[in-house]
Trainee: 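Below you'll find the structure I mean.
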Amino acid sequence: MKILIDNGHGSNTPGKCSPDKSLREFAYAREIAGMVVDDLKSKGYDAERLVPETTDIPLAERARRVNEWCGKLGTQNVILVSIHCNAAGNGSWMSAGGWCAYTSPGQTKADLLATDLYSAADVALAKYREVFPVLQAKGDYGSVQKPIRTDYSDGDPDYEARFYILVKTKCPAVLTESLFQDNKADVAFLLSDEGKKAITQLHVEGIVKYLKSGVK
Ligand SMILES: [Zn+2]
């Protein structure tokens with residue numbers, strides 16, 4: 001099983017950062033992806049980053065790389081997780097927060113992988129979930145915000161969207177939005193050692209849970 005970890009965007013992608021520029025999505029996603037890969041490797045899994053480059057690699061090339069592995073190893077022996085941070089606005093601080101994952105529309109193995117990532121997020125983000133309502137009462141998050149964002153309209157927790165990296169790749173693929181880069185409280189958590197550890201852990205544990213479930 002080849003585990004491909006994609007890190008969104010590149011150093012030349014405009015926008016995609018916190019309003020105070022303390023968090024840049026491409027750099028953060030790469031840092032987390034690197035730690036996820038290292039941790040999976042230390043556990044004996046065959047993991048690697050899809051985009052080792054720091055510049056943005058077009059989505060078509062990212063999908064081509066994934067599908068090349070699918071051709072080499074068989075689609076059932078490859079999974080893809082694409083790591084991103086969410087944003088609610090266009091350059092100013094916003095009140096949305098929380099973690100979520102996306103799959104392509106319809107039920108595939110990706111939905112099972114996403115559900116395992118959600119279970120892992122519940123555990124890894126326990127502290128974040130605990131503090132969330134306290135910060136919400138202070139106004140750091142809007143009143144309808146939730147620490148784990150879900151869409152149960154199709155019976156499972158993930159959101160579904162026709163994102164290129166999800167629909168153009170042949171293997172199970174999940175895109176995670178790890179908190180909001182334009183929410184002050186989320187950015188503080190993301191940039192903390194505890195936050196980086198939690199975001200890394202949720203990806204690693206979710207992937208391991210999926211692989212151990214024998215779905216493949
Ligand atoms: Zn992104």
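All values below were derived from every heavy atom in this structure, side-chain atoms included, with hydrogens, water molecules and symmetry-related copies excluded. Numbering of ligands and ligand atoms starts at 1, following listing order.
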Trainee: What class does the angle between the rings of Y141 and F132 fall in, given that below 30° is parallel, 30 to 60° is tilted and above 60° is perpendicular?
Mentor: parallel

Trainee: Does a sphere of radius 6.0 Å around NZ in K2 hold more than 12 heavy atoms from other residues, nucleotides or ligands, not counting ones at 6.0 Å or beyond?
Mentor: yes

Trainee: Between E53 and R65, is there a side-chain N and carboxylate O pair less than 4.0 Å apart?
Mentor: yes

Trainee: Restricting to N, O or S atoms, which atom of H84 is closest to the Zn ion (ligand 1)?
Mentor: ND1

Trainee: Specify which N/O/S atom of E25 comes nearest to the Zn ion (ligand 1), by atom name.
Mentor: OE2

Trainee: Taking both backbone and side-chain atoms into account, decide whether H9 has an N/O/S atom under 2.8 Å from the Zn ion (ligand 1).
Mentor: yes

Trainee: Using a strict threshold of under 4.0 Å (side-chain N to carboxylate O), is an ion pair present between D193 and K197?
Mentor: no

